[in-house]
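Input: a single structure, listed below in structure tokens.
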Amino acid sequence: MSETPPNTLQYRFDGPEDAPVLILGPSLGTTWHMWDRQVPELAQQWRIFRFDLPGHGGSPAYPAGSVSDLAERLLATLDALGVQRFGYAGCALGGAVGVELALRHPERVASLALIAASPRFGTADEFRQRGVIVRTNGLDPIARTSPDRWFSTGFAAAQPAITEWAVQMVRTTDPGCYIAACEALASFDVRAELGMVGVPTLVLVGSDDQVTGPAEARTLVAGIPDARLAVVPGASHLVPVEQPAAVTDLLVRHFSTAWQPAYEHSTGQTAVPGVSLRPVQAVSPQAAPIAEIAPAPMTAPAQVMGRPDPYDAGLKVRREVLGDAHVDRALAQADDFSGDFQELVTRYAWGEIWDRPGLDRRSRSCVTLTALVAGGHLDELAFHTRAALRNGLTPDEIKEVLLQAAVYCGVPAANSAFRVAQQVIREETTPSE
């Protein structure tokens with residue numbers, strides 16, 4: 001067991017030192033203990049490596065705001081230990097890290113298992129909203145509702161000790177690291193790249209998972225060329241905890257039979273057997289879904305010479321700041337008359353100004369709120385108040401901006417602004433039951 005520097009992760013090993021390394025990646029809000037009941041059997045054949053996400057368990061609170069950052073920290077940890085090649089099984093956010101490794105560092109991954117995973121986790125708005133709730137109310141609302149997301153109703157009722165363990169696990173997570181992990185999931189989207197995953201992959205899902213369920217699992221199986229699906233009946237999102245024996249058996253079978261040969265260093269290639277479309281398997285025949293094979297991956301567009309068009313960057317920033325729902329609504333309402341204006345706003349306001357490195361997004365939100373108060377633009381003030389919360393401003397900080405604006409923009413303008421902002425903050429920071 002080790003506590004590591006900021007660019008690496010806290011980890012522990014179990015099993016024989018000379019065995020192949022198998023990594024078990026945790027879900028958001030959990031620690032490496034979510035894998036406790038898999039370790040005894042897996043450690044008979046593999047050197048089990050578990051790690052804690054930043055700020056989770058006893059891990060130092062150095063936030064990582066993207067899945068690629070988490071993957072690079074994991075590789076830095078493995079490099080320091082001399083581990084070059086490994087199998088990888090990850091749950092939810094841990095699964096996203098596994099996909100990232102398989103896409104960006106295929107020579108390191110011998111075999112892959114994705115549990116309760118998805119090529120895109122819900123919508124960016126959902127996770128940024130969760131970050132706003134944590135920033136305003138702390139982790140207690142998320143902790144109290146975790147069992148509903150993680151376990152089936154029958155399991156939660158029958159296992160109160162495990163349910164309470166899950167709640168405490170979330171409560172003891174560092175809020176800043178939890179928010180950063182939400183941002184990592186919000187920006188994660190590899191749907192167009194699944195065809196480039198070249199490692200044998202098991203996709204495992206609980207039949208009752210309401211977070212990343214069988215539909216998301218089928219998307220992974222359809223997109224990854226050498227993938228098979230296993231459905232665990234009666235299990236929800238944290239399936240390794242709820243159905244440990246079934247998950248252990250599936251992992252043993254997968255990693256025992258689907259371990260890809262290492263790259264041949266003289267050629268930089270690896271001998272990969274011809275890909276066959278494997279039959280779908282499940283723990284019980286009644287739970288077996290049908291997987292569809294996706295078309296070949298999209299080819300990246302050719303690079304345009306000269307200065308890049310800021311439109312795509314602007315659309316990305318606009319979505320990150322204002323949310324997908326708002327941007328989709330604005331673009332859907334555009335017609336021949338207003339379409340050019342929407343393009344202008346995306347390209348120049350968001351691609352040229354909001355994407356400039358000179359100010360961070362928190363500062364730009366402060367400036368924007370003040371300008372909107374001065375101009376009396378209350379409709380825009382409402383959705384930019386939501387944007388300010390997503391950009392990391394707290395309700396108290398927004399209040400200070402509006403108080404400052406009252407002095408320099410006028411009390412009547414600030415009075416109207418307070419009324420609008422108060423309503424938005426109430427909506428955005430009230431935890432859902």
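The figures that follow rest on heavy atoms only: side chains count, while hydrogens, waters and symmetry mates do not.
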Exercise. Rounded to the nearest 0.5 Å, what's the gap from CG on Leu101 to CG on Leu75? Could you check?
Key: 5.0 Å
Return the minimal non-hydrogen interatomic distance between [X] and [Y], and the atom names on each side.
| X | Y | result |
| --- | --- | --- |
| Thr346 | Leu315 | CG2-N, 3.4 Å |
| Val97 | Ala71 | CG1-CA, 4.1 Å |
| Arg85 | Ala110 | NH2-CA, 3.5 Å |

Residues which pass ring-ring contact (aromatic ring centres under 6.0 Å, His included) with [X], listed by chain and number, not counting sequence neighbours:
| X | answer |
| --- | --- |
| Phe155 | Phe151 |
| His105 | none |
| Trp35 | none |
| Phe49 | Tyr11, Phe13 |

Residue list, side-chain hydrogen bond (donor to acceptor under 3.5 Å, both in side chains) with [X], at least two apart or on another chain:
| X | result |
| --- | --- |
| Arg390 | none |
| Glu242 | Ser152 |
| Asn391 | Ser365 |

Quiz item: Residues two or more places apart in sequence or in another chain: which of them pass side-chain contact (heavy atoms from CB on, under 4.5 Å) with Ile179?
Solution: Val134, Arg135
Self-check item: For Val211, side-chain contact (heavy atoms from CB on, under 4.5 Å) partners two or more places apart
Solution: Arg149, Asp209, His237
Self-check item: side-chain hydrogen bond (donor to acceptor under 3.5 Å, both in side chains) contacts touching residues 115-124 (sequence neighbours left out)
Solution: Arg120-Asp324
Quiz item: Got a sec, which pairs hit side-chain hydrogen bond (donor to acceptor under 3.5 Å, both in side chains) with one end in residues 399-422, sequence neighbours left out?
Solution: none
Quiz prompt | Listed once per pair and sorted, the ring-ring contact (aromatic ring centres under 6.0 Å, His included) pairs that draw on residues 322-348, sequence neighbours left out | solution = His326-Phe383
